[in-house]
Amino acid sequence: MDGVLVKQIFQEPGLYLNKPIKVSGWVRTLRVSKSFGFIELNDGSFFKKLQVVFDETLSNFQQLTKILISTALIVEGELVESPGAKQPWELKAKRIEIEGLSAPDYPLQKKRHSLEYLRTIAHLRPRSNTFSAVFRIRSLAAYAIHRFFHERNFVYVHTPIITGSDCEGAGEMFRVSTLDLEKLPRDREGKIDFSKDFFGKEANLTVSGQLEAETFCMAFRNVYTFGPTFRAENSNTPRHAAEFWMVEPEIAFADLQDDMVLAEEMLKYILTYCLENAPEEMEFFNQFIDQGLLKRLDNVITSDFGQLTYTEAIELLKKSDQSFTYPVEWGVDLQTEHERYLTEQVFKKPIFVTDYPKDIKAFYMRLNDDNRTVAAMDLLVPGVGEIIGGSQREERIALLEQRLDEMGLAHEDYWWYLDLRKYGGTKHAGFGLGFERAIMYLTGITNIRDVIPFPRTVNFAEF
RNA sequence: UCCUCGAUAGCUCAAUGGUAGAGCACUCGGCUGUUAACCGAGUGGUUGUUGGUUCGAGCCCAACUCGGGGAGCCA
């Protein structure tokens, strides 16, 4: 491939202007007259399109006037300044080779489509403006996350996708099994005999890499995981998927404050990186998806996140003149309407809510001195809701065992997790970032199905 | 899983219980600088499925399927 990328042309036009170049790409739209025509060519390298001008001097002009949207072309010609208002330059074609024809029933049109319709053609939707922008941002954000952690000497850990511990404690899991569902092996009590299964025990897809990440944290100090996560919950909302990606850092010799500083820096880093490296895509979202997006993101980057304790949040909600469907009371978890009120009405920016009652949080969260709250934090952002959930972990083995007992969990299921506290345990903390929720926040897209290339949700695993 | 709204041409949408329409796409024709190009003509439908009410159902009723929004669960 000896041609030039459209991205290179836009980045350094001086190198190519008034010179012969060769580009290849797909027709996004075309307009033809009797003796000439215009093609807007997208080559995949860049959000913007290159306008190609062609006329009847081309040997295949007649055929070119008949091509359809999404035809693949290789174009040779000269890059010249454009008299048109919408583009600084254009490619005056001397030769256009048709690489692959398209068909009249191509489902994507020049005009705007609904996101719901595009979801039904997930194999073609990355060719649309919106999804081209979404998935380039998704790629950049993933890279930004790796960059952020590597700049800070974090080690990237690949925690297992298949987990043998049925005790990760976060929701319904997908079972992994090779047993014949038509004739399941039974033990003497008539229960399914998982010792006959592939792993010799029950196995599931992971719902979190946290417990395993903690083991590496106690060796490498600062680590993170970044990979797919699975929840078999029957939840049908724009914010939930059965398969999604999660970023889970875990830091040693660190407390909840350190954890929140890390979370805030990370989120700001991702936003900044995408704004700097994909300005065209971000501008597109600001124009067509969410008009207040850039202003809001800029506000997030330049201001400190809010912080309040759960107890303070309850007081605030009780004092507010807002009428809530669900009554507010210390000890019950915050409802979506409460979270929205706090982050969208009161603070109007991301806020950390900390120190939740221990009874509504997981066993591994560190007990506070008041004996009734734990060192947990949720980061709530306007529009998306909970984007990060984290905590300082309970490093005191006696208290951890006590919490296991209180929650009716068997010590032997957590033997290696408890060992971490036995052999030089330190205070440590971590959090989980819902990657897709971050992308939603970053792009203004309000349905998680539209930030995943091929989303898996209840009743849907097409493509 | 619950509440609620919806499903009409390939797409986006119209249509008092009385012959199913428009724009775009597509096909054909016109047009020498277009920008979701423009102008003219044409093709395109078992109105999500099944059943019911009615002389007559896209429209009313029921169930189901799928989709949107809200809730729960959470990231």
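Keep in mind the model is a prediction, meaning the values are calculated, not measured. Protein chains get the first letters and strands the later ones, always in sequence-line order, with residue 1 at the start of each.
- The P atoms of B:G45 and B:U8 are separated by 15 Å, rounded to the nearest whole Å.
- Taking a pair as Watson-Crick or G-U wobble with both distances under 3.5 Å, the runs of three or more consecutive pairs in RNA chain B are B:1-7 with B:65-71, B:10-13 with B:21-24, B:26-30 with B:38-42, B:48-52 with B:60-64.
- Sorted by first and then second residue, the side chain to side chain donor-acceptor pair (under 3.5 Å) pairs with a member in residues 440-463 of chain A read A:Arg119-A:Asp450, A:Arg125-A:Asp450, A:Asn236-A:Arg449, A:Asn447-A:Arg449; sequence neighbours excluded.
- Classified by interplanar angle (parallel below 30°, tilted 30° to 60°, perpendicular above 60°), the ring pair A:Phe174/A:Phe230 is perpendicular.
- One C1' atom belongs to B:C2, the other to B:C73, and the distance between them is 13 Å to the nearest Å.
- B:G6 and B:C59 have their P atoms separated by 14 Å, given to the nearest Å.
- With sequence neighbours excluded, the residues satisfying side chain to side chain contact (heavy atoms under 4.5 Å, CB included) with A:Arg372 are A:Trp330, A:Asp370.
- A residue-by-residue look at A:Gln109 and A:Thr446 shows that A:Gln109 has its nearest nucleotide of RNA chain B further toward the 5' end.
- Rounded to a whole angstrom, the distance from the C1' atom of B:G67 to that of B:G44 is 25 Å.
- Rounded to whole Å, the P atom of B:A9 lies 25 Å from the corresponding atom of B:G52.
- Nucleotides B:C38 and B:U4 place their C1' atoms 44 Å apart, quoted to the nearest Å.
- Contacts of A:Arg127 classified as side chain to side chain contact (heavy atoms under 4.5 Å, CB included), with partners at least two apart in sequence or in another chain: A:Ser70, A:Tyr106, A:Leu108, A:Leu124.
- Comparing atom distances between the A:Thr336 side chain and each of B:G10, B:G67, B:A71 picks out B:A71 as nearest.
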Using atom names, set out every protein N or O paired with an N or O of nucleotides 37-40 of chain B below 3.5 Å, distance rounded to 0.1 Å.
residue	atom	partner	partner atom	Å
B:A37	OP1	A:Lys110	NZ	2.6
B:A37	OP2	A:Thr29	OG1	3.2
B:A37	OP2	A:Arg31	NH1	2.8
B:A37	N6	A:Val32	O	3.4

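- On a pure distance criterion of 3.5 Å, a polar donor-acceptor pair joins the side chain of A:Arg437 and the base of B:C74.
- Applying the 5.5 angstrom centroid cut-off and the 30 degree plane-angle cut-off, the aromatic ring of A:Phe244 is stacked upon the base of B:A75.
- Comparing B:A63 with B:C26, their C1' atoms are spaced 38 Å from each other, to the whole Å.
- Ring pair A:Phe149/A:Phe154 is tilted by interplanar angle, where 30° to 60° counts as tilted.
- Interface residues of residues 48-63 of chain A facing RNA chain B, ordered by number: A:Gln51; criterion, heavy-atom separation under 4.0 Å.
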